[in-house]
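Report on the following structure.
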Amino acid sequence: MKRIAILGSTGSIGTQALDICRRHPDEYTVSALTARSQREKLFEQVREFRPEMAGLTEGIRPEEIPEDLRFCRWLSGKEALHAAAAEIGADQVLVSIVGIAGLQSVMDALEAGRQVLLANKEALVTGGHLVMDLAARKGITLLPVDSEHSAIFQCLQGAGPNRAEKILLTASGGPFRTWDKERIARATREEALRHPNWNMGAKITVDSASMFNKGLEIMEARWLFDMPEDRIEVVVHPESIVHSAVQFRDGAVLAQLGAPDMRVPIGYAMSYPRRMETGVAAPDLFALGKLTFEKPDPDKFPALRMARECLRASGAACTVFNSANEEANAAFLRGEITFGQIAERVDRALNRLAGLKADCLEEIWEADRLARRMQ
Ligand code: NDP
Ligand code: MG
């Protein structure tokens with residue numbers, strides 16, 4: 001039996017992880033569940049999975065807890081995240097909350113010696129050097145949940161002592177891949193939320209349309225696989241079947257293929273180094289017929305260029321990139337700015353704040369605060 005704590009259990013990744021727990025009741029018990037504000041959904045999950053602890057970061061008063069759910073310990077705010085990450089007995093901590101809020105939880109879980117299953121890419125984007133350093137000191141291998149990084153991680157299992165020469169990071173290209181720049185700038189909320197292949201939370205779906213998600217993933221890959229940005233190539237692959245690949249010095253390329261369904265990478269992280277049944281069928285190559293690959297268009301998707309510049313600048317540039325994008329993404333979802341203004345706002349924040357330092361968590365929080373305040 002493995003005990004799993006899930007931070008962000010009501011989200012897209014969290015619910016799919018619980019789906020796997022439901023399929024394998026003899027292998028997983030859920031020890032903690034947290035959400036931000038969706039209390040009814042969390043109540044249902046607590047009813048079904050009966051964790052030791054549950055929490056709402058938005059807060060919950062004792063009288064608001066349904067009577068039949070008072071068997072578990074309920075916590076609020078940051079205390080809930082800290083307890084789920086580090087205090088409650090767990091073999092695995094899945095960090096599937098969204099945004100920079102995940103950084104502290106990843107650090108807490110590692111500090112407590114927990115096996116971290118990492119969906120929250122923002123933790124590596126903003127504090128990659130601190131996270132990787134702590135993981136190394138604790139002797140913990142971060143198990144990636146993001147599909148591309150899971151693919152790379154899987155390909156590297158066959159690498160033995162050989163170092164990968166290059167990472168080929170695939171991208172669907174999102175719903176605006178074939179649109180011209182002017183039309184993209186005017187795209188509506190509904191158009192941005194209509195992802196061709198993946199069903200995900202709203203924030204990452206908008207990031208996929210702007211390709212800010214791919215910019216964040218270049219940063220994530222840089223830290224997870226200790227690979228300089230100029231050896232991480234983005235390959236647009238509209239079918240989302242090849243989830244990424246690694247290239248070796250002998251000219252060999254290893255790729256991982258699968259249907260675009262997050263239960264595969266979530267399940268792999270949960271059962272690593274074993275594989276288990278996830279409810280997902282392998283892709284039918286005959287039905288697919290062919291797979292296609294293209295270069296990304298840097299003019300239409302400036303996020304890729306910006307992400308690379310941030311990695312080269314180091315310091316707090318990647319935090320500013322992330323936090324300005326989190327704010328702009330949320331403003332776009334609220335209907336306050338146009339799609340084209342997302343990249344403009346991030347660019348403006350970077351021009352003013354890219355020189356900030358990020359040597360410790362406090363400096364990262366400060367860069368985060370300043371980038372948000374500028375919006
Ligand atoms: P969702 O928005 O669907 O879910 C986010 C979860 O985190 C919810 O449980 C939410 O609670 C909770 N949450 C939101 N904000 C906070 C906060 N500030 N503090 C604590 N908890 C919070 O996101 P996704 O599941 O789509 O994504 C989660 C992470 O996984 C992201 O970092 C994303 O980049 C990454 N990822 C997601 C993929 C996907 O397919 N969805 C693919 C690859 C990576 P509530 O429901 O109450 O709001
Ligand atoms: Mg991804």
Side-chain angles (χ1 to χ4, degrees), residues 6-19 32-45 54-60 75-85 94-106 108 116-126 144-153 169-174 193 195 197-208 211-221 224 234 237 240 242-244 256 258-266 269 322-323 325-327 329-330 333 368 372:
I6 304 181
L7 284 69
S9 64
T10 51
S12 161
I13 296 288
T15 50
Q16 293 180 83
L18 285 173
D19 186 54
L33 293 172
T34 78
R36 179 178 50 182
S37 58
Q38 291 202 69
R39 54 180 62 194
E40 291 305 326
K41 197 165 178 179
L42 184 65
F43 290 160
E44 275 313 309
Q45 293 180 342
L56 276 164
T57 54
E58 180 194 77
I60 185 159
L75 294 171
S76 293
K78 289 188 175 156
E79 208 192 338
L81 292 179
H82 186 267
L94 170 61
V95 182
S96 53
I97 63 187
V98 64
I100 194 175
L103 174 57
Q104 186 68 58
S105 298
V106 171
D108 289 348
V116 172
L117 316 186
L118 188 70
N120 178 274
K121 62 192 79 181
E122 295 90 339
L124 285 177
V125 166
T126 58
V145 168
D146 208 348
S147 58
E148 296 79 359
H149 304 75
S150 173
I152 297 160
F153 184 77
L169 187 71
T170 53
S172 70
L193 287 174
H195 196 281
N197 306 337
W198 295 94
N199 180 13
M200 310 178 283
K203 193 254 172 189
I204 185 175
T205 305
V206 172
D207 283 348
S208 298
M211 290 195 83
F212 266 88
N213 183 51
K214 212 47 59 181
L216 296 169
E217 289 185 354
I218 296 173
M219 296 171 179
E220 185 184 9
L224 273 176
V234 173
H237 166 50
S240 296
V242 175
H243 295 304
S244 279
Q256 187 257 343
D261 189 316
M262 286 307 293
R263 288 176 298 172
V264 178
I266 297 168
N322 176 71
S323 304
N325 176 56
E326 278 189 35
E327 286 294 313
N329 178 313
L333 282 170
D368 173 59
R372 288 176 197 276

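Ligands are counted one by one from 1 in listed order, and the atoms in each one are counted from 1 as well. Sequential numbering from 1 along the given sequence is applied to the chain's residues.
- With a heavy-atom cut-off of 4.0 Å, Ala101 touches ligand 1 through its side chain alone.
- Here's the thing with Ser37: one of its N/O atoms is less than 3.5 angstrom from an N/O atom of ligand 1.
- When only non-hydrogen protein atoms are considered, atom 11 (O) of ligand 1 lies nearest to Arg36 N, 3.0 Å.
- For Ser9, every heavy-atom contact with ligand 1 shorter than 4.0 Å involves the backbone, none the side chain.
- A donor-acceptor pair under 3.5 Å is absent between the side-chain atoms of Gln16 and the main chain of Ile266, judged by distance alone.
- In this structure a side-chain-to-backbone donor-acceptor pair under 3.5 Å is missing from His82 to Asp108.
- Of all protein heavy atoms, the one closest to atom 33 (C) of ligand 1 is Ile204 CD1, 4.0 Å.
- In terms of protein heavy atoms, atom 26 (O) of ligand 1 is closest to Gly201 N, 3.0 Å.
- Closest heavy-atom approach to atom 43 (C) of ligand 1 within the set Asp207, Asp146, Asn199, Val145: this belongs to Asp146.
- When heavy-atom distances to ligand 1 are checked against a 4.0 Å cut-off, Lys203 has no atom that comes that close, whether in backbone or side chain.
- An N or O contact shorter than 3.5 Å is missing between Thr34 and ligand 1 by distance.
- The Mg ion (ligand 2) forms the vertex of an angle spanning OE2 of Glu217 and OD1 of Asp146; to the nearest 10 degrees it equals 100°.
- Looking at Leu81, Val95, Ile6, Val98, it is Val98 that brings a heavy atom closest to atom 2 (O) of ligand 1.
- When the options Ile60, Leu56, Thr57 are evaluated for a side-chain contact (heavy atoms from CB on, under 4.5 Å) with Ser76, the one that passes is Ile60.
- With contacts defined as side-chain heavy-atom distances shorter than 4.5 Å, the pair Met262/Met200 does not qualify.
- Heavy-atom proximity to atom 28 (C) of ligand 1, evaluated over Pro265, Gly99, Ser96, Gly11, is greatest for Ser96.
- In this structure, Thr170 contributes its side chain and Val242 its backbone to a donor-acceptor pair below 3.5 Å.
- Residue contacts with ligand 1 for Ile13 involve both N, CA, C or O and side-chain atoms from C-beta outward (heavy atoms, distance under 4.0 Å).
- Heavy atoms of Ile97 found under 4.0 angstrom from ligand 1 belong to the backbone as well as the side chain.
- Taking 4.0 Å as the cut-off between side-chain N and carboxylate O, Glu148 and Lys121 do not count as a salt-bridged pair.
- Between Thr10 and ligand 1, at least one N/O pair is under 3.5 Å apart.
- Ranked by closest heavy atom to atom 30 (O) of ligand 1, the top entry among Gly8, Ala119, Gly77 is Ala119.
- When the Mg ion (ligand 2) is compared with the N/O/S atoms of Glu148, atom OE1 turns out nearest.
- Remark: side-chain polar atoms of Glu122 are not paired, donor with acceptor, to backbone N or O of Ile100 under 3.5 angstrom.
- Looking at atom 41 (N) of ligand 1, its nearest protein heavy atom turns out to be Ser12 OG, 3.1 Å.
- Ranking protein heavy atoms by distance to atom 32 (O) of ligand 1, first place goes to Glu122 OE1, 2.7 Å.
- Heavy atoms from both the backbone and the side chain of Met200 come within less than 4.0 Å of ligand 1.
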Item checked: Step-by-step salt bridge (Lys or Arg N to Asp or Glu O under 4.0 Å) determination, Glu44 to Lys41 -> CA-CA 5 Å; Glu44 275 313 309; Lys41 197 165 178 179; over 6 Å; no

